[in-house]
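Structure first, commentary second.
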Amino acid sequence: MDWWLLSPEIIVATLALVLLILDFLLPAGVDRKKMGVFALIGLLAALLATLDIAGSKGQLFGGLLAVDNLSLFFKIIFILAAICVFLLAHDYLEKVPGHRGEFYWLTLTALLGMMITAASSELITIYIGIELMSLSFYPLVGCLKKNKASTEAALKYFILGSFAIAVWLYGAAILYGLTGTTDLAKIAAGLGKEAGPLMYFGLFLLLAGFGFKMGLVPFHMWVPDTYEGAPTPVTAYLAVGSKAAGFAVFLRLMFTAFPALYARWMVWLGILAVLTMTWGNIAALRQSNIKRLLAYSAIAHAGYTLIGVISFNATGAAAIMFYLFGYLFANLGAFAVVIAFANATGSEHIADYAGLRWRNPFLAFCLALCLLSLAGIPPLTGFFGKLYLFLGALERGGWLLTLVIIAAINSAISLFYYVNVIRTMYLLPPKDTGELKSSPLLNFTLVVTVAGVLLALFYFQPLIGALQANDLMSAAWLK
Amino acid sequence: MVPYAWLITAMPFIAFLIIIGVTYRRPLASALVAITCTAVSLMVSLSVLVAVIGGQTAELSLKWAEISSFKLELGVLVDPMSAVMFVVVSTITLLVQIYSIGYMHGDPGFSRFFSFLSLFAFSMLGLVSANNFLQIFMFWELVGLCSYLLIGFWYDQPGVALPPPAAGMRAFIVTRIGDVGFLIGILLLASAIPTLNFNEIFAAAEAGKLNTTLLTIAAVLIFTGAVGKSAQFPLHVWLPDAMEGPTPVSALIHAATMVAAGVYLVARTMAIFAAGPDSLLVVAYIGGFTAFLAASIGLVMTDFKRVIAYSTISQLGYMMMALGVSGAVTAGMFHLTTHAFFKALLFLAIGSVIHAAHSQEMRDLGGLGKDMKITSLTFLVGSLALAGIPPFSGFWSKDEIVHAAFASGKVGLGFLGLIVAFMTSFYIFRVYFATFWGERPAHQHGHHVHESPPTMTVPLIILAVLAVVVGWVGTPWANYFAAFLSPGEHHGGGVEGFTVMLMLVSTLIALAGILLAWAIYGRRHYDIEPLAEKSPGLYAFLSKKWFIENFYYGVIVPYGAVGLARLCAWFDRAIIDGLVNGIAGVVGGIGVSLRRFQTGYLQFYALIFFAVVVIAAVYLTLFTGLSAGI
Amino acid sequence: MNNFLVLGALIFAIGAYGVLTRRNVVFIFMGLEIMFSGVGITLAAFAQHIQPASALGQIFILFILTVAAAETALGLAIFLRLAKTHGTVQADKINELKG
Amino acid sequence: MPWLSLLLVLPVLGALIIFCTPREQDKTVKAVALLIGILETVISLGLYFSYDFHKAGLQFIEEYNWITTLNIKYFLGVDGLSLPMVVLTTFIFLCAVLASWGMSHRVKEYFFLIMIMETAVLGVFTSLDLFLFFLFWELELIPMYLLIGIWGSARREYAAMKFIIYTMTGSAFLLAGFLAMYFLAPERTFDITQLAKAGFAPGVQSLLFVLIFLGFAVKLPVFPFHTWLPDAHVEAPAPVSMILAGVLLKMGGYGLIRINVGLLPEGVKAYIPLLATLAIINVLYGAYVALGQKDLKTMIAMSSVSHMGFVLLPVAAMTPLALNGAVLEMFAHGTVSALLFFCVGLIYERAHTREIKALEGGLAACVPKIAVAFIIGGLASLGLPGMSQFIAEFLVFLGSFPVLRLPTVLGTTGIVFTAGYILWAIKRIFYGPLNPKWAHLKDMQHSYEYLPVVILVGLTVLIGFYPALITNWSDSSLLAMLR
């Protein structure tokens with residue numbers, strides 16, 4: 001067992017523990033900002049470590065954790081998300097002076113949980129990863145002590161999260177019962193014998209549990225309320241990190257454990273995808289709060305990403321990874337602007353964004369670009385991501401063509417509420433003409449994220465080349 | 001001179017460009033430029049005529065574009081028919097332009113008028129010289145444009161019966177309806193044989209390569225173009241309205257040249273009509289009926305300019321009848337030539353009356369003979385020619401037509417011709433006597449009328465001379481005109497008894513018409529039409545122009561065009577747009593209901609979650625066995 | 001073995017019923033814990049029936065229990081915070097975030 | 001020398017320069033825009049006349065591998081079909097820049113967006129890789145939305161939103177069609193030249209045809225999907241209307257010919273009756289609705305719908321003669337409708353209304369130059385010989401008649417209704433006694449008002465007098481395409 005394959009997790013774990021202890025030891029009066037800087041450096045180190053071992057393949061802990069293109073790429077996404085959350089939260093945490101240290105190490109533990117979930121190829125480790133991630137997210141969501149919305153969001157997220165995990169566990173138990181093992185590859189072998197209704201029910205329960213994490217429609221009810229209630233950096237982290245982790249493990253599960261049942265679950269996922277896209281887009285049409293709007297847009301994007309799983313081929317899997325990579329930049333950029341606007345004016349209503357173009361042209365330009373990338377307008381990343389997903393789906397062919405058309409029409413409908421925000425910023429006159437300042441750190445994050453959104457023309461080929469260079473995961477058939 | 005034939009067409013266009021570009025500010029200069037260019041083209045056309053008489057014909061052609069092996073060309077076809085038309089068109093244009101100097105004197109748009117006249121001359125000459133269907137159709141529409149521009153020339157005046165631009169618009173659209181038929185005819189021919197060149201198509205038609213039904217339909221369709229342009233029934237309504245334009249325009253365009261284009265077209269494509277014989281029947285009967293219709297309306301018109309307009313329609317009907325009946329071009333073309341001169345004369349004469357008396361209504365005119373010697377004399381010559389009194393030109397050409405009708409066995413048309421001849425002589429002499437004889441109306445006594453200036457009277461005299469001389473070219477004894485036009489066939493060698501008898505009969509009929517007109521209008525001035533008292537019903541029917549115009553402008557335009565258009569516009573806004581906004585509204589509504597679905601109750605969310613799981617459990621356990629799919 | 005599975009399913013269902021109907025947040029949480037125990041029973045039944053020798057099933061149950069404990073601690077903290085800010089612990093009173 | 005890439009990059013360069021110039025120097029912004037406009041026109045004309053139309057096929061080809069894993073190439077090239085469109089685009093944008101010279105509201109953004117639009121449209125006409133085609137196709141959505149949304153008149157937001165949702169939904173089908181074609185081709189490629197040789201099965205071709213046709217039908221626009229056009233035109237400022245009518249509609253037409261006729265001939269044959277009926281509905285319904293309009297700009301917009309029917313008819317007929325007529329029709333309609341919209345813009349600037357009833361009363365007396373320009377434009381659009389529109393429609397009829405007899409006959413009646421609504425509008429607005437209300441209107445004075453009229457009328461008459469200028473180019477390419 002070569003330990004350096006595990007280096008990213010080790011770095012993050014030690015970082016979290018050090019911060020925990022420091023937070024505990026340092027007296028309340030000491031300013032915790034430096035802890036943030038320290039954490040950032042640690043994360044950069046973790047990122048470098050992951051890039052260093054990129055491309056290598058291997059098993060850790062005797063098959064519990066798999067190291068392959070899929071897990072490493074998702075780790076990069078999680079670390080990038082964590083870095084951005086740290087940058088966004090830096091000024092935001094003025095609102096909650098006492099808990100800055102907690103925020104930092106909870107984010108790191110959540111990051112650790114995501115990395116484990118993405119890498120694990122065995123049911124119990126998946127459970128551990130998900131629980132570690134969720135348990136760190138619950139306090140993060142509720143960390144604004146005095147704020148009623150934050151606590152309500154935490155409550156809803158906690159109850160429904162546990163409920164979903166319970167359902168998920170029940171499914172895992174059933175599958176364990178039928179196949180006698182919890183390792184995904186062995187499950188695939190064990191399932192061959194008799195495909196009885198109990199097994200399909202077990203699969204569905206797993207799907208329900210992951211559906212909750214990914215925000216698929218019948219299980220999405222928590223998403224709008226939690227996204228609106230939680231502090232915005234945490235919402236950003238949820239929208240990008242937790243969703244990506246959900247997709248990572250769901251991808252691995254479906255591709256390695258259940259290729260035999262593909263014919264049945266493909267149809268379920270098709271229905272779920274259409275439902276998710278359409279519900280997310282149509283519900284977002286009339287939103288007045290920018291965070292709720294981005295919540296429903298996140299749901300809609302979960303619907304689009306599901307197409308990659310349905311297409312069930314190498315292109316589909318690579319497409320999901322690229323799509324979430326592009327989605328990371330667009331979403332974090334959008335949330336950065338929301339934070340900057342909230343920090344300056346304290347409001348999250350879209351109507352208040354009127355005339356932002358005059359008050360702060362840079363913010364308006366960045367938000368416009370991020371929203372357009374989410375809408376899938378060329379030449380931004382969203383467009384390439386969607387196109388790559390559709391390519392994967394059409395490689396499978398058959399009724400997926402109608403799914404692609406529905407998705408394309410959905411992105412046309414989504415254009416309405418994205419452009420509506422742009423309309424408010426660019427077309428309507430500003431309500432009060434005060435200059436709107438945003439902190440240099442936020443501007444830096446914006447530059448990074450918008451660069452990620454704009455430069456798709458150039459990094460699309462190298463990235464997908466790397467993704468499709470060697471096989472994404474150990475799934476036997478996926479050559 | 002034949003190889004320079006294209007100069008005839010080019011000169012007026014050069015004049016048009018010079019006037020627009022250079023001399024737009026100086027009116028007189030523009031007039032001179034226009035006249036010199038027309039004079040040059042007259043000279044060249046005369047020399048071409050001489051050359052063609054000498055037996056020389058030519059077809060100059062320029063490849064305009066070649067598109068996937070389909071050649072489009074522009075060319076000049078010089079043969080007897082076009083040579084005659086060159087001379088006719090350029091002479092009359094020259095005379096009208098000279099006349100216009102006086103008539104349009106002091107008008108702000110003087111040079112604009114001359115530029116349009118030159119543009120018209122260019123289009124007409126281009127039409128006459130065309131050697132393929134595309135070119136004839138192009139100049140066909142350009143001629144329509146010039147008539148639209150010239151009718152609506154005084155665009156800011158209220159006009160006599162309706163505003164000039166409205167009259168121009170009517171003219172353009174009604175002729176366009178005809179043009180559509182013509183276009184479809186061309187397309188039909190082009191689909192049968194992949195060329196538009198006249199000679200190639202006519203050769204194929206004569207050689208019988210194209211089936212006759214196709215040719216007949218194509219011929220009739222081409223004839224619809226002629227119906228539109230030469231104001232035959234049912235598209236004749238625009239010509240009387242075209243009288244809103246200045247009188248020189250009426251003289252040039254709506255008497256001599258443009259309206260004759262339809263006759264020229266039928267004559268030029270006679271090979272197709274001949275190949276599909278029943279199309280000639282259509283031409284003959286429409287021509288005949290139009291002649292009768294227009295003549296009957298002409299009897300009662302109080303606006304004398306419109307009387308002459310209806311007379312033009314009637315005479316054009318005659319020409320069409322001639323073409324349709326004889327299947328040969330000579331009779332029609334000969335009447336066209338003579339008619340061009342005496343009808344232009346009549347229009348210019350009534351123009352000079354209007355110029356002097358500032359009105360064209362019967363109740364204001366009367367007893368002008370004494371003060372306007374030349375105009376009344378020339379008008380008399382024109383009327384005699386129109387009525388068909390020997391030795392005037394109208395007699396020879398009209399007699400030939402009636403003779404051809406009887407000779408071809410269509411006796412009904414022949415008698416119709418004679419009746420129309422009687423009505424023609426009656427209504428033209430009604431105008432003559434009512435205008436120049438009798439005494440001045442009561443309310444006009446103080447108003448002193450004087451003769452028009454020489455620039456107007458000189459052309460009148462020239463035309464009067466021509467109106468007499470031109471007829472002698474085609475007398476039955478020595479029909480040089482027919483020999484010139486179609487050298488092949490034999491022409492009226494001896495003069496049988498029947499032709500002499502016919503000549504006598506038609507002269508008597510014409511004289512009877514004149515006497516009747518003199519009896520009624522010669523001595524007394526009438527304010528109200530005598531016919532109105534005797535038979536009000538007939539008078540009402542005729543003065544309402546057989547209710548055709550009421551039907552067109554009262555029913556078809558408001559309901560057929562504008563009404564349906566408003567309906568379509570409403571349909572477009574309400575239904576299609578409504579549908580689109582409806583869908584958007586529905587989607588928005590679903591959005592709102594989905595928002596309300598998000599109640600905020602924790603347990604409601606858990607309920608949905610659990611309900612989905614339970615439904616899946618029930619479904620999977622019970623139905624998996626049954627349905628293979630979900 | 002089947003009756004153990006049935007028992008597990010029954011307890012799971014009771015737990016779920018508890019979550020859906022009880023108004024007090026703490027009882028909801030208790031319902032959740034019951035659901036976890038239901039899962040534990042099913043797991044134990046499967047582990048005992050198909051692989052008496054291997055301890056995989058038991059390990060799984062142990063993990064579930066420990067994580068459930070951690071969740072309890074965290075849950076109660078959230079309920080405390082809820083009582084302070086909202087002044088009530090009745091689940092159906094908390095619905096400000098909606099639409 | 002990569003001329004085509006230069007053609008595409010230049011406007012983006014101009015946009016960047018404009019982006020950097022400070023806001024208050026709108027003179028320099030306009031100068032940059034004009035310079036780029038002129039440069040583009042010169043290059044496109046240079047390309048046009050150095051294109052050797054005897055050997056048909058693609059020239060000035062630039063092909064670089066862009067996304068190797070998906071076999072997507074940066075592939076530019078022009079032939080007889082796309083070159084006239086490129087020249088038309090550069091001229092229309094030059095006239096649009098000139099027409100917006102008097103602009104004073106948010107000048108920097110305005111010209112920035114115009115430059116991006118120019119690249120997008122030129123990209124569509126020159127790209128030969130379906131992916132690149134689609135990328136440029138969607139690139140013009142947002143600039144157009146902002147152009148209509150910010151500088152439009154009363155209901156601009158509604159019109160802009162309707163435009164963007166309509167086009168985006170259309171391009172959803174387009175994308176699905178392109179991707180399906182990518183997978184159904186023998187070896188997966190977006191390259192049009194190879195797809196032309198792919199030879200799909202007829203059944204597949206008709207499915208692909210439907211998808212791709214829907215995308216282009218929204219843009220052309222074809223009958224049921226046309227309601228966005230009048231709104232977009234009425235609300236857009238005059239120069240944007242010129243671009244919208246002059247060039248954007250032609251993207252739909254060009255796409256139909258290049259992809260539907262070029263790559264899916266069997267697909268077209270399967271739907272000929274439907275296409276012919278839609279074309280005729282377009283012509284007659286468009287003309288009728290135009291006749292019934294009260295607003296001048298909507299009338300011209302609906303006349304564009306009617307004229308675009310003449311582009312759809314040849315696609316149904318699929319004869320080389322008709323398709324040459326279609327290319328000529330697109331070019332002619334581009335110049336003519338741009339001229340008409342420019343004149344309406346001039347009138348709107350002075351009279352601040354587009355209601356025909358309100359404008360009634362002899363404007364010819366007080367604004368003779370605008371009147372002459374509008375009348376020339378009107379006469380050209382009703383198909384007067386000597387103007388490009390006539391020869392285009394004649395070729396369309398000549399080519400379509402042997403194949404589709406009844407539709408072509410019905411189409412020919414369209415020219416009567418076109419004459420109807422145009423002359424009726426001219427009569428009501430320009431002729432008749434001078435309405436004292438409008439006596440104060442000033443006529444065209446500035447050079448930037450004359451130049452567009454001169455350019456557009458010049459183009460119309462030039463092509464009208466010598467259509468070989470375009471047909472020689474398009475003829476060889478279309479013959480090669482149809483073989």
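Order of the sequence lines sets the chain letters (A, B, ...), proteins ahead of strands, with each chain counted from 1.
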- Please flag which part of A/Lys146 lies under 4.5 Å from any non-hydrogen atom of chain C: side chain, backbone, both or neither. backbone

- Which atoms of C/Ala9 approach chain A - backbone, side chain, both or neither, heavy atom under 4.5 Å: both

- Sort C/Phe63 into side chain, backbone, both or neither according to what part of it lies under 4.5 angstrom from a heavy atom of chain A. both

- Sort out for me which of C/Val19, C/Ile59, C/Ile61, C/Thr85 touches chain A most, counting heavy-atom pairs under 4.5 Å. C/Thr85

- So which part of A/Tyr127 gets closer than 4.5 Å to some heavy atom of chain C, the side chain, the backbone, both or neither? side chain

- Item | Segment of A/Tyr170 engaging chain C (4.5 angstrom heavy-atom cut-off) | both

- Is the number of heavy atoms from other residues, nucleotides or ligands under 6.0 Å of C/His49 NE2 greater than 12? no

- Which pair of non-hydrogen atoms, one from C/Leu97 and one from A/Arg292, has the smallest distance, and what is that distance? C-NH1, 4.3 Å

- NZ of A/Lys186: more than 12 outside heavy atoms within 6.0 angstrom? no

- With a 4.5 angstrom heavy-atom cut-off, could you sort out which part of A/Glu152 is near chain C: side chain, backbone, both or neither? both

- Query: Which bit of C/Leu82 comes within less than 4.5 Å of chain A, counting heavy atoms only: side chain, backbone, both or neither?
  - Reply: both

- Contacting region of C/Ala45 [heavy-atom separation from chain A under 4.5 Å]: neither

- Task: Sort C/Lys84 into side chain, backbone, both or neither according to what part of it lies under 4.5 angstrom from a heavy atom of chain A.
- Result: neither

- Message: For chain A, which candidate among C/Ile28, C/Leu5, C/Asn95, C/Ile64 shows the most heavy-atom pairs at distances under 4.5 Å?
- Response: C/Ile64

- Side chain / backbone / both / neither for C/Glu96 at chain A, heavy atoms under 4.5 Å: both

- Message: Report which part of A/Ile128 has an atom under 4.5 Å of a heavy atom belonging to chain C: side chain, backbone, both, or neither.
- Response: side chain

- d(C/His86 NE2, A/Thr151 OG1) to nearest 0.5 Å is 4.5 Å

- Message: What part of C/Ile94 gets within 4.5 angstrom of chain A, counting heavy atoms only: side chain, backbone, both, or neither?
- Response: both

- Message: In the structure I gave you, are the side-chain heavy atoms of C/Arg81 and A/Leu155 within less than 4.5 Å of one another anywhere?
- Response: no

- Item | Test log, rule side-chain contact (heavy atoms from CB on, under 4.5 Å), inputs A/Val167 and C/Phe12 | CA-CA 9 Å; A/Val167 164; C/Phe12 187 85; 4.2 Å; yes

